[in-house]
Asker: 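Okay, here's the structure, questions in a sec.
First the proteins, then the strands, lettered A, B, ... as listed; each starts at 1. Below, each value reflects all heavy atoms present in this structure, side chains not excepted, and no hydrogens, waters or symmetry copies.
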Amino acid sequence: MSELAKAYEPQEVEAHWYAAWLEGKCFEADPSSDKPAYSIVIPPPNVTGILHLGHVLNNTLQDILARRARQEGKEVLWLPGTDHAGIATQTKVERKLRDEEGKGRRDLGREAFLEKVWDFKEHHGGIIIKQLKRLGCSCDWSRERFTMDEGYTEWVSHVFVELFKEGLIYRGKRMVNWCPVSLTALSDEEVIMKPQRSKLYTMRYELVDAPGEYVHISTTRPETLMGDVAVAVNPKDPRYAKHIGRKVRRPFPAAEIPIVADEHVDIEFGTGALKITPAHDKADFEIGMKNDLEIIDVLHPDGTIHCPDCPDLDGLDRFHARKLAAKKLEEMGLLVEVEEYENNVGFSERADVPVEPRISMQWFLKYPCVDEAAKAVADGDITFRPARWAKTYAHWLENIQDWCISRQLWWGHQIPVWYRKDKLEALKGAESLDMSDFEKGDIHVGVEPPADEDAWVRDEDVMDTWFSSWLWPFATMADVGERTDALEKFYPTTDLVTGPDILFFWVARMIMAGFRFEEKRPFENVYFTALIRDMKGRKMSKSLGNSPDPIDLMDKYGADGLRFGLMRIAPVGTDIRFDEAQIEEGRNFANKLYNACRFRQMASGDVPGEKAQVPKEEALRPYHVDIMAKLDRLAADLQGLYADYRFGEISQRLYEFLWSEFCDKFLEAVKGDLRDDASAEAREVTLAVFDATMSRFLLLLHPYMPHVTEELSARMGFVGKGEFVMARELPEAGLLDGVDAGAASTQAAAIYASAGKLRNLKAEYNVANRRDVRFVVKGAPDWLADEKGVLALLAGAGEIEIDPAYEAPKGTPAALTDVGEVAMPLEGLIDVEAERQRLGKEIEKIRGEVKKSEGKLGNASFVERAPAAVVDQEKQRLEEWREKLGQLEEMVDALG
RNA sequence: GCGCGAUUAGCUCAGUGGUAGAGCACAUCGUUCACACCGAUGGGGUCGCUGGUUCGAACCCAGCAUCGCGCACCA
């Protein structure tokens, strides 16, 4: 610690140490190590994404776990990487292409477009990784993976083929969620229900056999009525019993459609009659199947109307068509009523537009190992924290639906399926191929293309991004069929840190894949992070602009400050309300730490070196023993807190130790030992205690604030040149093992508490800033004689006098402290009346306590039924209050 | 509709049966002092509401309210 800036400047220090750690290969995991393994796989961020606060929270937690595990003597692998993020990335590149070249992806063709995406990935792919490094993440970058690496891609194909052979993957025409903007199918998980203000239209269809008679039908989607093939009523509905089997007129295009009966129809809702549009509603589709109804698709994939028979609607956007269809109905006298109505509409997660239920040919997966996956969490083989997520998980698994894994995109893992060209031509497209064609040998499913590849055409679709992510814990460690050392050593992984929002998308699926392909759970513990909200409780989002850029925060407060600040506000299990002031606290904490070390350095002038030993017990003063005892307790408590993943509490304890205990109490108490006029011996002992305590505290703090702890450890000489604090293991022994700290700690506590009382007394008499105040102590314990200098220092007094026979002048202010009754004789400042009032207030307060306590002990039920220890404690408490009361009353008498 | 959380000082949060806490913010005072990214002192809470259990409830139970989340859904 040579040149001493007054304030800690994190920027350069952080960059320096990160580079040094990389240089020293501190993050690299050694699979051949004898140490027990600890591993985490990173939730791979979107390769072209940029860091947001959620990432910061998530990765700070992982870094803390990884660094702590290293300190605990584990061989740590924190495996990093990125995700190709199919829709998100493709959408970005398409937008760029449109903006810059005015072209769509089809104008370029598949190959040229994919080249563009790879190009984009090369340019933007490194950003988030750089940002994670800035944060201090101790990932093993030599093992960084990308979900579209060659080996990883092989895994995805291999898994597809395996599951296909097992009969779990099938191709079929089903009703899927269709995104009209991204032009692809989506899984159920990618659809978000949102309440919408819409209109409920009630219209009437005329009965064919009874002109002038109508059936009233309610709908929110009049634009699909061209696809109506029936009207359904509940068979139990007496109003419509006579209608079943008759026909009504569909207004446009004109057609006669039957009235069918179906239990699904809710008698209570609307008019009790439901229009059936099998092509555009899941429930309608099922009713259509049951009643063998025609399917009329009246929408193009992009959400525009496809209905050549209605030229005025054909080609219109679905929302415009809705209004126009209603208008047409009105003109035809068929619109009965329009009401305001709130309903839930499914939105595409990515494109944020209403999804369209649509029938199309897709690939589906019947999930493997569902029971095993459910059991693993139910039995505690995999632990969820907070535990309540286990219920959500179980519920999802119980109601699990087949997973639509095909996406009509280009960026991703192409489905490893080939169709015979001639067959395809005969059928005019793959849409008509079904599973029976596989039996006939017209479909090839394999990791490798068929031998006579030219005679085949590959399926154009790619797989859902999550179909690669679910293999992440093992596919990152070994290629298909390989048994690498890393896989043997580090799989199953230890902890997974992720957000509860991807419980279904990712966590649940990884568990199933882990059991299916590695026969083992993929991880032991899942820690679900909180969701970060803004001060108003709103979710952080780009569109709201309420999401601070973590890089800006690191520029302002340092990576350590950001990490620590965020950890301090991270509660267990609930959302975080983000407040920048908290991050500022993190920076202030780093500065406080820095200045504590700077003080030691200025006071001593020398470099302590790492051999700093705890001095012999005889040489220690109460403050020395006390601070080391507190450090030992902190170290022990942290162990339990880490075991329970109480990250917020750990940061609180670290903060409190350094600030309140070390700086405010210990350092202030021993300042006298470091002054020029202090004895060499006192100075030496105090410096040794400082070093022993601080060097170990830095070790404990390191996982939370890796950079500043590394910097200070080096500057103070706590680690040798070329060594790293991050590579150092936590010592098993405490600083004070074998020393009974009880008496010393009690004395120190008495001094600290008494000093507070005396400062308080000074403040009450407006002499807080006078340093020449004299205090006289009556009834002092013997040991006080040795420590009165410290008491004077802490209380800001000129002198502390011990005088058992002291008779204070009448009206002298005095306080009752843990070291006896202390008077503050101050000529000219004594106001007898004010002092009497002050003491009177205190007496009132204590009388209240006595009364309360007496009442409690007078309660027979309490004495009989409460545990003896509690009753004894209460008796003792009452005793103490009474004693204090007596002393205070004497003090009032002494006022005269 | 079903389920899950949350509700404690102005703010962010601890506190799971035995005297209501911390940090910030606020007020007053203070820089020859390691740190004003600081120090000292102080004010501030019927622990969302109503019942119940208990000698004793912020804590356990029931109901309600408000906010948030998840699942399902009636067009």
Asker: Report the nucleotide, chosen from B:C4, B:A34, B:A75, that has the shortest atom-to-atom distance to any side-chain atom of A:Arg388.
Answerer: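 From the listed options, B:C4 comes nearest.
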Asker: Under 4.0 Å from OP1 or OP2 of B:A75: is there any side-chain N or O of A:Tyr341 that close?
Answerer: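 For A:Tyr341, the contact criterion (side-chain N or O under 4.0 Å from OP1 or OP2 of B:A75) is met.
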Asker: Considering only atom C1', compute the distance from B:C73 to B:C64 and round it to an integer number of Å.
Answerer: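 About 26 Å, rounded to a whole number of Å.
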Asker: For A:Glu849, which contact category applies under a 4.0 Å heavy-atom criterion: base, sugar-phosphate, or nothing?
Answerer: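 Base, at least one base atom sits under 4.0 Å.
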Asker: Below 4.0 angstrom from OP1 or OP2 of B:C37, is there any side-chain N or O of A:Arg587?
Answerer: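 It does not, given that no N or O in the side chain of A:Arg587 lies less than 4.0 Å from OP1 or OP2 of B:C37.
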Asker: Would you indicate what A:Asn343 reaches in the nucleic acid, counting non-hydrogen atoms under 4.0 angstrom: base, sugar-phosphate, or nothing?
Answerer: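 Since only primed, P, OP1 and OP2 atoms lie under 4.0 Å of A:Asn343, the category is sugar-phosphate.
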Asker: Are more than 12 heavy atoms, taken from residues, nucleotides or ligands other than A:Glu337, located less than 6.0 Å from that residue's CD atom?
Answerer: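 Above 12, so yes.
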Asker: Report the residue (A:Asn591 or A:Arg877) whose heavy-atom-nearest nucleotide on RNA chain B is the more 5′ of the two.
Answerer: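 Checking each residue's closest nucleotide, the 5'-ward one belongs to A:Arg877.
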Asker: In whole Å, what separates the P atom of B:C24 from that of B:A36?
Answerer: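 One P to the other, the span is 16 Å.
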Asker: Look at the side chain of A:Val870 and decide which nucleotide, out of B:A20, B:A75, B:G18, has an atom nearest to it.
Answerer: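 In terms of side-chain proximity for A:Val870, the closest of B:A20, B:A75, B:G18 is B:G18.
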Asker: Check the distance between B:C38's C1' and A:Leu667's CG and give it to me in whole angstrom.
Answerer: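 The answer, rounded to whole Å, is 13 Å.
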Asker: Are A:Phe504 and A:Trp396 close enough that their ring centres sit under 6.0 Å apart?
Answerer: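 Yes - the distance between ring centres of A:Phe504 and A:Trp396 falls below the 6.0 Å cut-off.
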Asker: Would you sort out whether A:Thr529 and A:Phe647 count as a side-chain contact (heavy atoms from CB on, under 4.5 Å), showing the intermediate values?
Answerer: CA-CA 11 Å; A:Thr529 62; A:Phe647 300 103; over 6 Å; no
Asker: A:Asp664 near the nucleic acid: base, sugar-phosphate alone, or nothing, with a heavy-atom cut-off under 4.0 Å?
Answerer: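 Sugar-phosphate contact only.
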Asker: Pairing check on B:A72: which nucleotide meets the Watson-Crick or G-U wobble criteria with it, both distances under 3.5 Å?
Answerer: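 With both distances under 3.5 Å required, B:A72 matches none.
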Asker: What nucleotide, of B:U41, B:C35, B:C74, holds the atom closest to the side chain of A:His264?
Answerer: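 For A:His264, the side-chain atoms sit closest to B:C74.
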Asker: Is there a Watson-Crick or G-U wobble partner for B:G23 with both distances under 3.5 Å, and if so, which one is it?
Answerer: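 Across all strands, the one nucleotide that pairs with B:G23 is B:C11.
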Asker: Can you find an N or O donor on one side and an acceptor on the other, under 3.5 Å apart, linking the side chain of A:Lys391 with the base of B:C4?
Answerer: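 Answer is no: no donor-acceptor pair is held.
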Asker: Say we look at B:G18 and B:G3: how far apart would their C1' atoms be, to the nearest angstrom?
Answerer: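 My reading of the C1' atoms in B:G18 and B:G3 gives 35 Å.
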Asker: Rounding to a whole Å, what distance do you find between A:Met193:CE and B:G68:C1'?
Answerer: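 So the CE-C1' distance, A:Met193 to B:G68, works out to 19 Å.
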Asker: Any side-chain heavy atom of A:Asn177 within less than 4.5 Å of one from A:Ser187?
Answerer: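 Counting from C-beta outward, A:Asn177 and A:Ser187 never come under 4.5 Å.
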Asker: How far, in whole Å, is B:C69 from B:U54 if one measures between their C1' atoms?
Answerer: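 Straight-line distance between the two C1' atoms is 34 Å.
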Asker: Report the nucleotide, chosen from B:A75, B:U19, B:A34, that has the shortest atom-to-atom distance to any side-chain atom of A:Lys852.
Answerer: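 Closest nucleotide among those given: B:U19.
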Asker: Test salt bridge (charged side-chain N to carboxylate O under 4.0 Å, His left out) on A:Asp237 and A:Arg239; report intermediate values, then the result.
Answerer: CA-CA 5 Å; A:Asp237 191 338; A:Arg239 292 174 296 177; 2.9 Å; yes
Asker: Return the pairing partner of B:G45 with a 3.5 Å limit on both distances, Watson-Crick or G-U wobble; otherwise return none.
Answerer: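 Pairing partner: none.
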Asker: For B:U66, give its Watson-Crick or G-U wobble partner with both distances under 3.5 Å, or none.
Answerer: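 Across all strands, the one nucleotide that pairs with B:U66 is B:A6.
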Asker: With both distances under 3.5 Å as the test, what is the Watson-Crick or G-U wobble partner of B:G56?
Answerer: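 Across all strands, not a single nucleotide pairs with B:G56.
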Asker: How far apart are the C-alpha atoms of A:Ser754 and A:Val822, what are their side-chain angles, what is the distance that settles it, and do they pass the side-chain contact (heavy atoms from CB on, under 4.5 Å) test?
Answerer: CA-CA 9 Å; A:Ser754 302; A:Val822 184; over 6 Å; no
Asker: Base, sugar-phosphate, or nothing: which does A:Lys592 touch, judged by heavy atoms less than 4.0 Å apart?
Answerer: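 Base contact.
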Asker: Could you state the interatomic distance from CD1 (A:Ile217) to CG (A:Leu334), rounded to the nearest 0.5 Å?
Answerer: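 If we round to the nearest 0.5 Å, A:Ile217:CD1 and A:Leu334:CG are 10.0 Å apart.
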Asker: Of the nucleotides B:A34, B:A20, B:A75, which one has an atom closest to the side chain of A:Phe269?
Answerer: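 Looking only at heavy atoms from C-beta outward on A:Phe269, the closest nucleotide is B:A75.
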Asker: Can A:Arg877 and A:Glu874 be counted as an ion pair, charged N to O under 4.0 angstrom?
Answerer: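 Looking at A:Arg877 and A:Glu874, the cut-off is met.
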Asker: Name the closest nucleotide to the A:Arg759 side chain, picking from B:A40, B:G23, B:A34.
Answerer: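 Within the option list, the nearest is B:A40.
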Asker: Does a side-chain N or O of A:Asn595 approach OP1 or OP2 of B:C37 to a distance below 4.0 Å, or not?
Answerer: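 For B:C37, neither OP1 nor OP2 has a side-chain N or O of A:Asn595 closer than 4.0 Å.
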Asker: Do other residues, nucleotides or ligands put more than 12 heavy atoms under 6.0 Å from the CE atom of A:Met289?
Answerer: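 For A:Met289, atom CE is not crowded (no more than 12 foreign heavy atoms under 6.0 Å).
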Asker: Round to the nearest Å and state the distance from A:Glu585 atom CD to B:C13 atom C1'.
Answerer: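 After rounding, the gap between these two atoms is 13 Å.
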Asker: Are a donor atom and an acceptor atom from the side chains of A:Tyr557 and A:Glu580 found within less than 3.5 Å of each other?
Answerer: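 A pair is found: one side chain offers a donor N or O, the other an acceptor, under 3.5 Å apart.
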Asker: Can you check the A:Leu200 CG to B:A75 P distance for me, whole Å?
Answerer: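 The distance from CG of A:Leu200 to P of B:A75 comes to 8 Å, rounded to the nearest Å.
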Asker: May I have the distance from A:Lys282 (atom NZ) to B:C73 (atom P), rounded to whole angstrom?
Answerer: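 For the pair A:Lys282 NZ and B:C73 P, the rounded distance is 7 Å.
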Asker: If we take the P atom in both B:G56 and B:U19, what is their distance in whole Å?
Answerer: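 Rounded to whole Å, the distance is 15 Å.
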Asker: What's A:Pro500 touching, base or sugar-phosphate or nothing? Going by heavy atoms closer than 4.0 Å.
Answerer: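 If one applies the 4.0 Å heavy-atom cut-off, A:Pro500 turns out to touch nothing in the nucleic acid.
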Asker: For B:U16, give its Watson-Crick or G-U wobble partner with both distances under 3.5 Å, or none.
Answerer: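 The answer is none; no pair meets the criterion.
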Asker: Would you mind reading off the distance between A:Phe662 atom CZ and B:A34 atom P, rounded to a whole angstrom?
Answerer: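 Roughly 14 Å, once rounded to whole Å.
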Asker: By the 4.0 Å heavy-atom rule, please label A:Lys671 as base, sugar-phosphate, or nothing.
Answerer: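 Here A:Lys671 touches the bases of the nucleic acid.
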Asker: For B:A14 and B:U8, measure between their C1' atoms and round to the nearest Å.
Answerer: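 The answer is 10 Å between these two C1' atoms.
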Asker: Measure from the side chain of A:Phe504, starting at C-beta and using heavy atoms only, and say which of B:A75, B:C71, B:A72 lies closest.
Answerer: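 Nearest nucleotide to the side chain: B:C71.
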Asker: Tell me: CG of A:Asn760 to P of B:C29, nearest whole Å?
Answerer: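 Value for this atom pair: 18 Å.
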Asker: Parallel, tilted or perpendicular: which describes the rings of A:Phe564 and A:Tyr655, with under 30° parallel and over 60° perpendicular?
Answerer: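 Correct class here is parallel.
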Asker: Measuring to OP1 and OP2 of B:G15, would you say a side-chain N or O of A:Arg646 lies under 4.0 angstrom away?
Answerer: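 Answer is yes, contact under 4.0 Å.
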Asker: Do A:Lys671 and A:Glu668 meet the salt-bridge criterion of a basic N to acidic O distance under 4.0 Å?
Answerer: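 Between A:Lys671 and A:Glu668 there is a salt bridge, with a charged N closer than 4.0 Å to a carboxylate O.
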Asker: Give me the distance, rounded to whole Å, that separates B:A27 from B:G10 when you measure between the P atoms they each carry.
Answerer: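 Result for the P pair: 16 Å, nearest Å.
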Asker: Mind checking A:Trp659 for me? I need base, sugar-phosphate or nothing, with any heavy atom below 4.0 Å counting as a touch.
Answerer: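 Counting heavy atoms under 4.0 Å across all strands, the contact made by A:Trp659 is with sugar-phosphate only.
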Asker: Hey, does the side-chain of A:Asn344 have a donor or acceptor N/O within less than 3.5 Å of a partner on the base of B:C73?
Answerer: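 Indeed, a donor on one side and an acceptor on the other fall under 3.5 Å apart.
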Asker: Return the value, rounded to whole Å, for the distance between atom CG of A:Leu658 and atom P of B:A34.
Answerer: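 It is 17 Å, rounded to the nearest whole Å.
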Asker: Both A:Glu668 and A:Ala273 contact RNA chain B. Which one's nearest nucleotide lies toward the 5' end?
Answerer: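 First, find each residue's nearest nucleotide; the 5'-ward one identifies A:Glu668.
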Asker: Using Watson-Crick or G-U wobble geometry with both distances under 3.5 Å, which nucleotide pairs with B:A36?
Answerer: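 Its partner is none (no Watson-Crick or G-U wobble pair with both distances under 3.5 Å).
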Asker: In whole angstrom, give me the gap between the C1' atoms of B:G15 and B:A22.
Answerer: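 Straight-line distance between the two C1' atoms is 10 Å.
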Asker: Given B:C74, B:G23, B:A75, identify the nucleotide with an atom nearest to the side chain of A:Ala283.
Answerer: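 Nearest listed nucleotide: B:C74.
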Asker: Near RNA chain B, counting only heavy atoms under 4.0 Å, which residues of residues 854-865 of chain A show up?
Answerer: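 A:Asn859, A:Ser861, A:Phe862, A:Arg865 - these, ordered by number, are the residues of the stretch whose heavy atoms sit under 4.0 Å from the strand.
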